Amino acid sequence: MDFKKVEKKWREKWSKSKIFETDVDQKKKKFFTSIVIPYVNGRPHIGHSFTNTRTDVYARFKRMQGFNTLLAVGFHATGEPIVGAVERLKKGDKTQIETFKMYGATDKDIKDFIVKGPKFVANYWMNKFVGDFNSMGYSVDWRRRFVTAITPSFNRFIEWQYNTLRKKGYVIQGTHPVIWCHHDQSPTGDHDRLKGEGESPTEFALMKFRLDEGEILPCATLRPETIYGVTNLWINPDAEYVGAKVGKETWIISRESVQKFRDQLKSVEVGATISGADLIGKYVTNIVTGNKIIILPGKFVDASTATGVVMSVPSHAPYDYVALKELQGNENAMKEYGLDSNVVKGIGPVSVIKLEGYGDHPAIEISEKMGIQSTAETEKLDDATSVIYKKEYHTGVLKGICGRYEGKKVSEVKDLLIKDFVNHKLADTMWETSNPVVCRCTNKCHVKILENQWFLKFSDKAWKDKVKQCIAQMKFYPEEVRLQFLNTVDWLDDKACARKSGLGTRLPWDKEWIVETLSDSVIYMAYYTIAKTINKKKIPYEKLTDDVFDYVFLGEGDIKKIGKTAKLSEMLIEEMREEFEYFYPLDMRNSAKELVPNHLTYALFHHVAIWENPRYWPKAYSVNGFVTVSGEKMSKSKGNILPLASLIEKYGADLVRITITTSNENVDDADWKEDSLKTFSSRLEYLENLVKEYKKAKRKSVNNLDKYLESVVETSIKGATENYEMLKFRSGIQYVAFQLLGEIRHYIERNGSIKNCNKILLQEAVSTAVRLLAPFTPHLGEELWEKLGNKKFVSLGPWPTYDERRIDRAIVELEQISKKLQDDLNNVLKLTGEKKNAYLYFVTDKELDYFKESVEYLRGLFNFKKLEIYKASDAKKYDPEGKASRAKYGKPAIYLE
RNA sequence: GCAGGGGUCGGAUAGCCUGGUCAAUUCCAUCGGCUUCAGGGGUCGAUUGCUUAGUGCAUACGUGGGUUCAAAUCCCACCCCCUGCACCA
């Protein structure tokens, strides 16, 4: 069949007849779902299509079942990527140009992108999306589309959403540490990093040491308990330090760290520059213990990390021990910095922590065991540090030297120590990452505390409980993901919901903030219900006041007053209200698993916050995995991204649809294999052929085989319907493409030829197969449906119904016995070689009767001259070797000669 | 570190929650036969070993142990793999 021609034909018919434009119909039950709003900085590839096609298949299934089904699609442009892409294009970035070109942008388009900017880019790709979705045969009501951040009335809707949330106390303001790029003046997310993926801001204790002159040298550490074992400080002699006024104190810190403190809400007045070398040899007081210790040179000290001042605890820190030993063995270095070698050599480790399995100085032990010779062996040192740190943290106990903290476990006392030290002004704290983070712009990042940031108060216990209540009444496919949602709700903390850059809607009460992407795409499904009216009547956004939305979505207020102040006709307001009331809630949301811990969960938070009444909460979530291509992850670098358009061009939409949707049905990754495409291609051809041939069936009488076929049809309908219902498309399609079609083939073969088949039953079987496949292969479905003599669209049903009573279990069992008997005959013949005559002995009359109809078929199948059947108890039977005695029910005895 | 998921006969998947009917589902792959079939067609058979007139036995479901008349399925320990951890779509 010419798939492309057929697909074009039906796409046009659908579009002309508008059957996918869904309006309120109070007489019919509705079904509302939407495709997860795609981000338009490119074009759909096979990855999107897995999730999206599953959604369309489900919508089509529901539509065929008779639901007034609305499948809505909008588009997403909120955030940074589109803006970023345009920026990169301006700089002539090759990868960006290639990416866009791969999706079909021309040189001229690229020029337009640069000149006309982000909104143009978004609209450009949106149109491509619409085209591709249509080519795929998605049954979308396009009257309801919009683009977030770009469609003004949608932005108005988001303003209403945030005003409402704020009124209810769900939006709060606060400070928050983020990893910050000073160069870009923005937070640096994981994906924006050249180095340091997975790093997050950590609060370090800042231990203070005082020079005799009064200046403070602050050392950042995660191990404040080791303050009792500090033997010296390390300063990088080559680095530049500054004296800086911090509060009432003067600190000596590396020049690089000044900006950090400023970004962490400390006022820092920079004074004199001090070279690291000048500090070497001076003494400071450990203000916790009162001990005097010396400052030593350490070139390994990174001035850009923390404060550039490091405290040395050789007993418990491998780096410090190795560095100290290195210096003690280096007379030249000591001389160079004017150090008294006797003093340096006199420094010995001070033990602070008792650690099982180790002696007094775990760091020394492990360094020696690992044979670490110099501070240059950073890999080994990092390992050693990590081992000691973990072990001491979990099992170490503080010794007597720690005064009132003696006998406490490190893990128990750490927080208390920091608190005590800070309270007594012996220490401060600062934010830093454990490992360096480098921004894509190659700048080194540090932690900044953002002020006046707006948050969604996801930590709110009552809010969480409500979400859990929502989860309890929802359906999940597969059921296992319910747990993931519950866990997400538990660990979710306050979520920053606004940024200062990118596309988006401004917070109505604080215009310098823009609502962030994951926060403006959580209740947009509600907007679909009213988008039709807004788009059709071109309602200007100013008329969509908060009062209007309150009335439409919440049923609050007096419509007469609202209409007057908003200058909007009451009728239109009522129309929107009716649409919302009819279509809401969302009956099914299908999505990829990556959205479980964010978008899908946030959507629940927002729904329960805005709509108190559970009637409006989402009904069901379905989650699927990602798509790999022949076992490999799709990525730009591997060059294996498969744009949807090129696949449709190559194979036609129906084949792509059925192959991708049945490639997997749980949350594991789905693999796109061209091999499976072949399988379906031949199955569909066979079905097509059946539609051509079925009319040749002439028989009117009904025999056992017909009853068998009838039973198989019923089982297939049942199996397919039940599995589709749970979006288990792979299992469902097995009933149709493999079981049902296979059994039809078997049926025709058993009848000898199509001509001998029962006319009505064969037609019914074929018609059933066409319909059960139609959600997957809608174009072919329409074509075959038409060829079967139907006048209406198969897309509108009716879905085949099933009746358990039509399944004749006895007949099914007997046919299975027959298949098994064939196997047995085969086996015996293989062992004995060819035989002329066959004799079969049955225990029951039931079997004997059934096989009477099959004698000729079996004889022909094995080329026997003669095939006779007997009841095993028959006295007159022919049975020279007494085989009949071995017959059992379901296993007739065999004699061959 | 915190949280979740998983390791099944060449590949991919089902079954395990509610132990036995599981040598284990289904698709694919490979090999062989057939179909006047020649190269993305259909169909039948084989793909742990031995044995056999359609059978039976022994090994098999990450590793090691346990519970039980009986375990892929329940319990314990261990090894390995994957995913998410936020201001980013």
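Predicted, not measured: the structure shown is a model, and the values here were computed from it. Order of the sequence lines sets the chain letters (A, B, ...), proteins ahead of strands, with each chain counted from 1.
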Subject >> Lys/Arg-Asp/Glu bridge criterion (N-O < 4.0 Å) met for A:Asp823, A:Lys820 >> reply: no

Original post:
Is A:Lys4 paired with A:Glu649 through a side-chain N to carboxylate O contact shorter than 4.0 Å?
Top reply: yes

Original post:
Are the aromatic rings of A:Trp463 and A:Tyr170 close, with centres under 6.0 Å apart?
Top reply: yes

Original post:
Would you find more than 12 non-hydrogen atoms of other residues, nucleotides or ligands less than 6.0 Å from A:Tyr735 atom OH?
Top reply: no

**OP:** Look at atom NZ of A:Lys650 and say whether more than 12 heavy atoms of other residues, nucleotides or ligands are closer to it than 6.0 Å.
**Re:** no

For [X], report the nucleic acid contact type (base, sugar-phosphate, nothing); a contact means any heavy atom under 4.0 Å.
X: A:His599; result: nothing
X: A:Leu825; result: nothing
X: A:Gln453; result: nothing
X: A:Leu896; result: base
X: A:Pro177; result: nothing
X: A:Asp490; result: nothing
X: A:Ala498; result: nothing
X: A:Asn598; result: base

Less than 6.0 angstrom from the centroid, inside 45 degrees of the normal: does [X] satisfy that with respect to the ring of [Y]?
X: A:Lys495; Y: A:Tyr602; answer: no
X: A:Arg166; Y: A:Tyr162; answer: no
X: A:Arg745; Y: A:Tyr686; answer: yes
X: A:Arg750; Y: A:Tyr857; answer: yes

**OP:** Specify the residue among A:Ala893 and A:Ala496 whose closest nucleotide of RNA chain B lies further upstream toward the 5′ end.
**Re:** A:Ala893

Write down the distance between [atom1] ([X]) and [atom2] ([N]), rounded to a whole number of angstrom.
X: A:Leu483; N: B:G5; atom1: CG; atom2: C1'; answer: 10 Å
X: A:Phe458; N: B:A86; atom1: CZ; atom2: P; answer: 15 Å
X: A:Gln822; N: B:A53; atom1: CD; atom2: C1'; answer: 18 Å
X: A:Leu595; N: B:C85; atom1: CG; atom2: P; answer: 11 Å
X: A:Asp823; N: B:A53; atom1: CG; atom2: C1'; answer: 15 Å
X: A:Trp180; N: B:A86; atom1: CH2; atom2: C1'; answer: 17 Å
X: A:Leu518; N: B:A89; atom1: CG; atom2: P; answer: 7 Å
X: A:Glu480; N: B:A3; atom1: CD; atom2: C1'; answer: 17 Å

**OP:** Have a look at A:Tyr839 and tell me which of A:Glu897, A:Glu868, A:Glu881, A:Lys883 forms a side-chain hydrogen bond (donor to acceptor under 3.5 Å, both in side chains) with it.
**Re:** A:Glu897

**OP:** Could you measure between the two C1' atoms, the one in B:C34 and the one in B:C81, and give it in whole Å?
**Re:** 44 Å

Original post:
What one-letter contact string describes nucleotides 22-32 of chain B from 5' to 3', where B marks a base within less than 4.0 Å of any protein heavy atom, S marks contact via sugar-phosphate atoms alone, and - marks no contact?
Top reply: ----SSS----

**OP:** Look at the side chain of A:Tyr602 and decide which nucleotide, out of B:A86, B:C87, B:A53, has an atom nearest to it.
**Re:** B:A86

Original post:
Does a nitrogen or oxygen in the side chain of A:Lys891 sit under 4.0 Å from OP1 or OP2 of B:U55?
Top reply: yes

Original post:
Is the distance from OP1 or OP2 of B:A89 to the nearest side-chain N or O of A:Thr78 less than 4.0 Å?
Top reply: no

Subject >> Pairing pattern in dot-bracket form [Watson-Crick, G-U; both distances under 3.5 Å; | = partner strand] for RNA chain B >> reply: ((((((((.[[[..)....(.....]]](((((((.....)))))))(((.....)))...[[[[[..)....]]]]])))))))....

